[in-house]
Amino acid sequence: LSSAKAPKYTYAKLDSLKAGSVVNVYGVVVFFKQPFKSRGTDFCSSLKITDHSNEKIGCTIFCEKLEDHPKIFRNGDIVLFNKSITLVNTFGFSVVTFDGVKGAPVEPRTSSRSFHFDPDDQRTVEELRSWAASQALFASVTSTVPLSAVQPKAYFDLTCQLLAKAPVDTTCTLLRVWDGTRCPHTLLKVIVEPHVTEGQLSFSKERENLIADVLVYDNHVEVARKLKPGVFLRIYNLRAIAGSSTVPGLTRSQLQVDHLAFHLHGGTSYGRGIGILPDNSPDVQELKRYVFNDEHFSSVGWCLCSERSCGHDMQKVTLSEVKRSGLGRVHHVRAQLKAYEPHRLHEALKLYCSKCKSMQDVPDDELLESIFSEASKDCGPCSPPPWVLSGQVSLPRHAPGPSNRALTVYLLTQLMFEGSTLEEMCQLMASYQNIIPVRASGGHLSLFDLSAPFLFRGRKRYYGFTFFFHQESFFGVSAEDASANQEAQNSICQIMDSLCPPGGNVASWSEKLRMCALNLHVFFKKGQ
DNA sequence: TTAGGGTTTG
């Protein structure tokens, strides 16, 4: 970020550019293409920007590394260029992009390690946002549409998660995606060989109804090749077409007449392309609310394994053969489950502190009981902070423990109880929606340490630690071939990693956990 | 060097 010595850039208005000059500019993006491979050594980004002068200027950016290209996700984003020569980049080029939505945080998206950004720039971004909001800049371009609102024959941008992919032929790849919404039209299903599929092979009927099969062609095949299942994407200028006669590969054509197919045509015209959305982007956060909501997870996620069918005409193989054959294939094995750990699924979860990197078991009720009992012995006089209301509440008559026991209660936006035991806490849950357990410590109110829940809400308990799926803890399956055990473990771990690429931030662990849980389930099914 | 929006295959 800017230091005291940072140079003060001046930015040229777009209607004042002189041919051959080197300038810094900023502008609102009115058109863009995802970076594509040029015939030379670099990737090429193409965009058009405008500013208060209303002049629209095309920009061409050549950079070898994808991460150095402007991170543009939608029209309206605001870019700020340094050292561009008549808007073709040159040595010393850098770019910072901002969300163009009025009121959104002004968070720079850049690959530069150091960049200059001061209150003037912040003001510029905010002025551009207000100005752009008052203009009809993007009336004619495609927009992001959820699957639930897709119109046949229309071109649109789709924000989605990749679940699986498979090559169809040399010029076409199938991407199986979803956004958690249900398309009102029947979706065409492209049939591909299971052994070429990367990602999950089959899904429950419920989830299958939410999955769109997207066929991407030509130059997009290369981009698709690098995508990992689990990644969040925006596919630009996708086309929905009804009818199956035009779909390559194997389709159940007889049965799928007039079903909706999705095509990403070759070329980069109209900004056609595939963009990877970072996990922290607001669009991904929004999508996750659909994709990972509990209802889907319980009704769609967990049942997928039980619905997975096994063709018994497949030849049975030993686990050592599975071990040799690598990932992504379907096998038919019969193995005996000799032992497994942990015996209860929740023991595969650990509490993980991202700061100190410590990991510990999720406490069972017995342990929690002792933590709370210990704290309840020590509830001496305590001066609450002035901003909480305090009082006393009597326990229900049938509550355990000494009769006529009253607990001190503090009222915030939640209820905070001091000195209750775990059992009492559970009793109180019947009457109160949210409870934060607190204890007296040195005459002051304090929270428990992170090994106890900081919030009880209904039957849920919230921990300050992140739940972490402890991969090492759950294997122990033995079978015909002892060495296959280790390999099976590695395979499952690799599947997990492919679902959630390494380097994900802490927030992504909850997804990872869910994904892992699914795989764990599949694994035990296989074991049986 | 490369591309230089655009008139959309399957």
Side-chain angles (χ1 to χ4, degrees), chain A residues 14 17 19-20 27-50 55-66 68-70 72 74-77 79 81 84-91 93 95 137-143 150-158 166-175 188-192 212-222 224 235-251 253 256-257 259-275:
Chain A
L14 293 178
L17 305 180
V28 179
V29 177
V30 292
F31 170 81
F32 66 99
K33 283 182 182 182
Q34 290 297 306
F36 57 94
K37 199 92 186 81
S38 74
R39 274 173 243 235
T41 56
D42 296 332
F43 282 96
C44 176
S45 285
S46 183
L47 60 147
K48 186 176 273 180
I49 59 172
T50 189
E55 191 76 32
K56 292 186 176 63
I57 299 287
C59 311
T60 304
I61 292 138
F62 295 106
C63 292
E64 199 172 359
K65 291 180 186 154
L66 279 172
D68 292 336
H69 281 258
I72 300 169
R74 63 175 152 211
N75 290 322
D77 280 351
V79 290
F81 292 98
S84 68
I85 178 163
T86 59
L87 307 195
V88 179
N89 66 309
T90 182
F91 181 76
F93 163 84
V95 57
L137 291 175
F138 329 110
S140 64
V141 296
T142 54
S143 57
V150 164
Q151 296 295 323
K153 292 189 180 172
Y155 290 92
F156 65 103
D157 298 340
L158 178 66
V168 173
D169 58 42
T170 54
T171 66
C172 179
T173 292
L174 169 68
L175 299 181
L188 182 127
K189 297 295 170 187
V190 179
I191 313 300
V192 289
D213 281 3
V214 175
L215 292 160
V216 308
Y217 294 93
D218 303 338
N219 51 316
H220 310 301
V221 168
E222 173 64 13
I235 305 176
Y236 298 92
N237 199 238
L238 189 60
R239 188 172 202 203
I241 303 175
S244 60
S245 60
T246 53
V247 173
L250 302 163
T251 62
S253 53
Q256 297 192 56
V257 177
H259 290 193
L260 211 55
F262 297 91
H263 297 259
L264 183 67
H265 296 311
T268 62
S269 308
Y270 295 98
R272 278 199 296 269
I274 303 170

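Model, not experiment: these values are computed from the prediction. Each chain gets a letter, A, B and so on, in the order its sequence line appears, and its residues count up from 1.
Across the protein-nucleic acid pair, R272(A) atom CZ and dT9(B) atom C1' stand 10 Å apart, rounded to whole Å. Counting to the nearest Å, the P atom of dT7(B) and the CG atom of N237(A) are 9 Å from each other. Rounding to whole angstrom units, NZ of residue K48(A) and C1' of dG6(B) are separated by 9 Å. Summarising the geometry, the separation between CD1 on I57(A) and P on dG5(B) is reported as 12 Å, rounded to the nearest angstrom. Nucleotide dA3(B) holds its C1' atom 14 Å from the NZ atom of K37(A), rounded to whole Å. For the pair F36(A) CZ and dG6(B) C1', the interatomic distance rounds to 13 Å; values are reported in whole Å. We find that CD1 of I241(A) is positioned 13 Å from P of dT8(B), with the value rounded to whole Å. In this structure, CG of N219(A) is placed 12 Å from C1' of dT8(B), rounded to the nearest angstrom.
Within the 4.0 Å cut-off from OP1 or OP2 of dA3(B), not a single side-chain nitrogen or oxygen of K33(A) is found. OP1 or OP2 of dT7(B) has at least one side-chain nitrogen or oxygen of S269(A) nearer than 4.0 Å. Residue R39(A) places at least one side-chain N or O closer than 4.0 Å to OP1 or OP2 of dA3(B).
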Tell me, with the steps shown, if L175(A) and I274(A) meet side chain to side chain contact (heavy atoms under 4.5 Å, CB included). CA-CA 11 Å; L175(A) 299 181; I274(A) 303 170; 4.1 Å; yes

Give the intermediate values and the outcome of side chain to side chain contact (heavy atoms under 4.5 Å, CB included) for residues H263(A) and Y155(A). CA-CA 9 Å; H263(A) 297 259; Y155(A) 290 92; over 6 Å; no

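Taking the side chain of H265(A) as heavy atoms from C-beta on, and the options dA3(B), dT2(B), dT8(B), the nearest nucleotide is dT8(B). Among dG5(B), dA3(B), dT8(B), the nucleotide with an atom closest to any side-chain atom of S46(A) is dG5(B). For T41(A), whose side chain is taken as the heavy atoms from C-beta onward, the closest listed nucleotide among dG10(B), dT1(B), dT2(B) is dT1(B). For F62(A), whose side chain is taken as the heavy atoms from C-beta onward, the closest listed nucleotide among dA3(B), dT9(B), dT1(B) is dA3(B).
Comparing L264(A) and G271(A) by the nucleotide of DNA chain B that holds the closest heavy atom to each, the one mapping nearer the 5' end is G271(A). For G40(A) and D218(A), each mapped to the nucleotide of DNA chain B holding its nearest heavy atom, the one lying further toward the 5' end belongs to G40(A).
Results of the ring pair (Phe, Tyr, Trp, His ring centres under 6.0 Å) test with Y236(A) over F32(A), F156(A), F31(A) single out F32(A) as the only residue that passes.
Counting only distance, with no hydrogens or angles, the side chain of D77(A) and the backbone of I72(A) share no donor-acceptor pair below 3.5 Å. In terms of modelled atom types and a separation under 3.5 Å, the side chain of R239(A) and the main chain of L264(A) share no donor-acceptor contact.
Where stacking is scored as ring centres under 5.5 Å apart with planes under 30°, Y217(A) registers as stacked on the base of dG10(B). You can call Y155(A) stacked on the base of dT8(B); the centres are under 5.5 Å apart and the planes sit within 30°. Residue-nucleotide stacking is not present for Y270(A) and dG5(B), judged by a side-chain ring centre under 5.5 Å from the six-membered base ring centre and planes under 30° apart.
Contact annotation for G266(A): base contact, defined as any heavy-atom pair under 4.0 Å involving a base atom.
Side chains of T50(A) and K56(A): a donor-acceptor N/O pair is absent below 3.5 angstrom, by distance only.
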